[in-house]
Amino acid sequence: MFLRSGAMLAIFSYFLWGITPLFYRLLPGVQPLELLSQRVIWSIPLLLLVRVFLKNRTRFRGVWADKRSLFLCFFSTGVMAISWCTFTYSMTHDLVLEASMGYFITPLFSILLGVVFLHERLRRAEKVALLFVCAGVGYQLIQYGRLPGLALMMGSAFAFYGFIRKFIRYDLTTSLLIESLWLLPLAVVLYFWLESTGQSTFATADSFTRLCFILTAPVTLLPLLFFTAAVRSTTLTTIGLAQYLEPTIQFLLAVFLFNEHFDAVKGVSFSLIWLGLLFCILSLIRYHRKNTAKIGLGMKPR
């Protein structure tokens, strides 16, 4: 029953992403580049195994035939590496609160990419939302004298990654496998370089820590698989609303469990961002209802 409910699959995938900080507390202070290397190395056999059980997967002959998607995977690989390194750095260096902000503003970066590159028109609510988010980020700049750089980098990188993936015709598992293969040479070089310079945590770690390194692959990929299943069986409106569950959980963990610093400045900044997101959510619901009504009347949705 659970696997047939697209809404529940979406909620579960974002719930798993939301509690990810709990896992990375087991690897405090680890270098993001080493985590990236280990994740890539262990993801490849896992993805190859998953592909065996998928019926609608892109065949390897089809991968080579679609040079455009193969080329785009190269660029998405670079963006994914940046996104994942900033994410793991925040998870392992007590910056979960800033990561939460990054994922709260990701949808707004996605809207901007649509406007700039796809010439999409902003609805009034989206314009208001962007103003509130800019105000929230600007408030931190005025009060702290610096931008929340990590949050902005995470939000923009993840949005740009999603934008590139929009034009890749491979299925999700195959795309992730190709991206991992693009990164494999770098991952191997990083592994041996860190080990030869005595900077490798994996080389000197106990069995439990090594197991945690290995588990970075399924911890990353499992929510993606549930997310893929959700996209196929529910509406984009449901996906759009469910995505705010992840940064909300991360925010609550950061403030109430990890005791990260949360002052009045961050309170005002987050409040402005949340207010902007509220306009986005209301616009999304209204747009969905409007198109549903048009479909019911036999009209073409816009």
Side-chain angles (χ1 to χ4, degrees), residues 6-11 13-15 17-18 83 97-143 147-148 151-167 227 230-231 233-252 264-302:
M8 289 304 297
L9 286 169
I11 291 170
S13 63
Y14 282 113
F15 172 77
W17 272 318
S83 176
L97 193 59
E98 196 154 351
S100 170
M101 176 182 284
Y103 287 125
F104 272 125
I105 62 180
T106 294
L108 282 304
F109 275 112
S110 297
I111 290 172
L112 282 175
L113 287 172
V115 171
V116 173
F117 293 103
L118 303 179
H119 307 293
E120 296 177 353
R121 295 183 62 183
L122 285 177
R123 294 189 284 273
R124 184 181 301 174
E126 292 171 340
K127 293 178 181 178
V128 174
L130 284 171
L131 287 175
F132 274 110
V133 171
C134 289
V137 173
Y139 185 75
Q140 282 204 34
L141 173 62
I142 294 170
Q143 296 296 322
L147 288 169
L152 292 173
M153 188 177 295
M154 288 179 63
S156 58
F158 195 73
F160 197 62
Y161 176 72
F163 175 76
I164 297 174
R165 288 294 299 271
K166 184 181 180 70
F167 303 98
F227 175 77
V231 169
S233 54
T234 191
T235 64
L236 289 178
T237 302
T238 301
I239 297 293
L241 295 175
Q243 70 179 317
Y244 298 112
L245 179 63
E246 175 192 356
T248 300
I249 293 174
Q250 291 175 356
F251 174 85
L252 294 174
V265 173
K266 290 182 179 177
V268 172
S269 181
F270 267 93
S271 296
L272 289 169
I273 291 171
W274 288 332
L275 192 56
L277 290 177
L278 178 61
F279 277 93
C280 259
I281 291 171
L282 293 175
S283 174
L284 190 65
I285 294 172
R286 183 183 176 188
Y287 179 74
H288 174 68
R289 287 178 176 174
K290 184 178 179 181
N291 281 342
T292 301
K294 284 185 176 182
I295 293 172
L297 294 172
M299 300 169 64
K300 185 177 179 180
R302 295 173 58 190

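Below, all heavy atoms of this structure are taken into account, side chains as well, without hydrogens, waters or symmetry copies.
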Visitor: As an exercise, state the distance from NZ of K166 to CG of L113, rounded to the nearest 0.5 Å.
Guide: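 Answer rounded to 0.5 Å: 11.0 Å.
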Visitor: Is there side-chain contact between F109 and L152, with at least one heavy-atom pair below 4.5 Å?
Guide: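 Yes, side chains in contact.
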Visitor: Using the six-membered ring wherever Trp is involved, compare the ring planes of F167 and F163 and label them parallel, tilted or perpendicular (cut-offs 30° and 60°).
Guide: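 Correct class here is perpendicular.
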Visitor: Measure the spacing between CE of M101 and NZ of K266 and express it to the nearest 0.5 Å.
Guide: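 Result: 8.0 Å between the selected atoms.
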Visitor: To the nearest 0.5 Å, how far apart are CD in Q243 and OG1 in T248?
Guide: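 It is 10.5 Å, given to the nearest 0.5 Å.
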Visitor: Give me the atom names and distance for the closest heavy-atom approach of L245 to I11.
Guide: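 In terms of heavy atoms, the two residues are closest at CD2-O, 3.5 Å.
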Visitor: To the closest 0.5 Å, what do you measure between CD1 (I273) and CD (Q140)?
Guide: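 Spacing of CD1 (I273) from CD (Q140) equals 7.0 Å.
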Visitor: Within the side chain of S110, is there an N or O that forms a donor-acceptor pair under 3.5 Å with the backbone of A159?
Guide: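 Side chain of S110 to backbone of A159, a donor-acceptor pair under 3.5 Å: no, none is there.
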Visitor: At what distance, to the nearest 0.5 angstrom, does OH of Y103 lie from OH of Y14?
Guide: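 Taking OH in Y103 and OH in Y14, the distance rounds to 11.0 Å.
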Visitor: What heavy-atom pair brings G18 and Q250 nearest, and what distance separates the two atoms?
Guide: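 Distance-wise, the nearest heavy atoms are O-CG, 3.4 Å.
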Visitor: Just wondering, are more than 12 heavy atoms of other shown residues or ligands nearer than 6.0 Å to OH in Y139?
Guide: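 Correct, the count exceeds 12.
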Visitor: How close do P247 and S100 get, heavy atom to heavy atom, and via which atoms?
Guide: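 Closest approach of P247 to S100: O-OG, 2.8 Å.
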Visitor: Does the pair F132 and L277 meet the rule for a side chain to side chain contact (heavy atoms under 4.5 Å, CB included), with working shown?
Guide: CA-CA 8 Å; F132 274 110; L277 290 177; over 6 Å; no
Visitor: When you measure from the side chain of S269 to the backbone N and O of V265, does any donor-acceptor pair fall under 3.5 Å?
Guide: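 Not confirmed, S269 side chain does not pair with V265 backbone.
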Visitor: Does the gap between the ring centers of F104 and F251 come in under 6.0 Å?
Guide: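 Ring-ring flag for F104/F251: false, centres at least 6.0 Å apart.
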Visitor: Which value, rounded to the nearest 0.5 Å, describes the distance between I105 atom CD1 and L130 atom CG?
Guide: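 I105 CD1 to L130 CG: 11.0 Å, rounded to 0.5 Å.
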